[in-house]
Structure formats: structure tokens, C-alpha cells
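Remarks on the structure that follows.
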Amino acid sequence: MNKHHLQGVLQDLNAELERTEVLNEDEKALLRHVNEDVERLLARTGDTPQHEESLGDRLQESIALFETSHPSLTVAMQRVLDGLSQSGI
């Protein structure tokens with residue numbers, strides 16, 4: 001998946017986040033942090049530092065957390081995770 005397509009997937013996640021209203025503050029903070037990490041990663045070029053491994057872990061954690069309560073959000077997060085994986089990140 002190229003960087004442009006990955007940015008589109010991230011925009012889809014952001015749109016889904018805006019539509020999701022029933023989140024507590026901890027959930028919002030977790031998702032904001034994941035989103036910022038993905039944005040920072042897309043803005044960067046060159047080698048992929050070990051930090052990105054924790055991003056994948058946080059995405060997996062978020063997917064597990066929201067799987068039953070917010071299935072649409074989970075699908076959007078899974079698409080981001082898949083895109084990162086396909087990009088070799």
C-alpha cells in the first residue's frame with residue numbers, strides 16, 4: 001500500500017472517530033495517540049524505528065478494546081493496521 005493510499009485510510013479512520021460519540025476520555029486519548037503516531041509516521045521518510053512496533057501493538061490493543069462496542073471503528077483501525085503492515089511498517 002503506498003503512502004497516499006495509507007493517508008486515505010487514515011482519513012477514513014478520522015471520519016469514523018468523528019462519528020463515534022460514545023467514548024470515554026481514556027478511549028479518546030488512546031485513539032488520539034494512535035492517530036498522532038500514524039500521522040507522524042506518514043510524515044517521515046527513511047528507516048522505520050522500533051517505535052513503530054509499539055504503534056502496531058497499540059492498534060491491536062485498540063482493536064481488541066473496541067471490537068464489540070464499536071465495530072465500525074474497529075474495521076477502520078484494522079484497515080490502518082493492514083495498510084501499515086503492507087507498507088512494511
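What's counted below: heavy atoms across the whole structure, side chains too, no hydrogens, waters or symmetry copies.
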Q. Could you give all pairs that pass the ring-ring contact (aromatic ring centres under 6.0 Å, His included) test and reach residues 68-88, with sequence neighbours left out?
A. Phe66-His70
Q.
Checking the side chain of Ser85 only, and the main-chain atoms of Leu81 only, is there a donor and an acceptor separated by less than 3.5 Å?
A. no
Q: Please identify each residue that fulfils salt bridge (charged side-chain N to carboxylate O under 4.0 Å, His left out) with Glu36, with sequence neighbours left out.
A: none
Q) Going through the distances and angles, do Val34 and Met77 end up as a side-chain contact (heavy atoms from CB on, under 4.5 Å)? A) CA-CA 10 Å; Val34 167; Met77 286 187 289; 5.9 Å; no
Q. Taking atom OG of Ser62 and atom CG of Asp57, what is their separation to the nearest 0.5 Å?
A. 10.5 Å
(Q) I'd like to check the salt bridge (charged side-chain N to carboxylate O under 4.0 Å, His left out) partners of Glu27; sequence neighbours left out, ordered by chain and number. (A) none
Q) Any side-chain heavy-atom pair from Leu73 and Leu31 closer than 4.5 angstrom? A) yes
Q. Under a 4.5 Å side-chain heavy-atom rule over Ile, Leu, Val, Met, Phe, Trp and Tyr, are Leu23 and Leu59 clustered together?
A. yes
Q: Just jot down the salt bridge (charged side-chain N to carboxylate O under 4.0 Å, His left out) partners of Arg32, sequence neighbours excluded, or say none.
A: none
Q. Listed by chain and number, what are the side-chain hydrogen bond (donor to acceptor under 3.5 Å, both in side chains) partners of Gln78, not counting sequence neighbours?
A. Asp82
Q. For Asn14, what residues pass the side chain to side chain contact (heavy atoms under 4.5 Å, CB included) criterion, not counting sequence neighbours?
A. Leu10, Leu17, Asn35, Glu39
Q: Following the transitive rule for hydrophobic clusters with a side-chain heavy-atom cut-off under 4.5 Å over Ile, Leu, Val, Met, Phe, Trp and Tyr, establish whether Val75 and Leu65 coincide in one cluster.
A: no
Q | From CD (Gln7) to CG (Asp12), nearest 0.5 Å | A | 12.0 Å
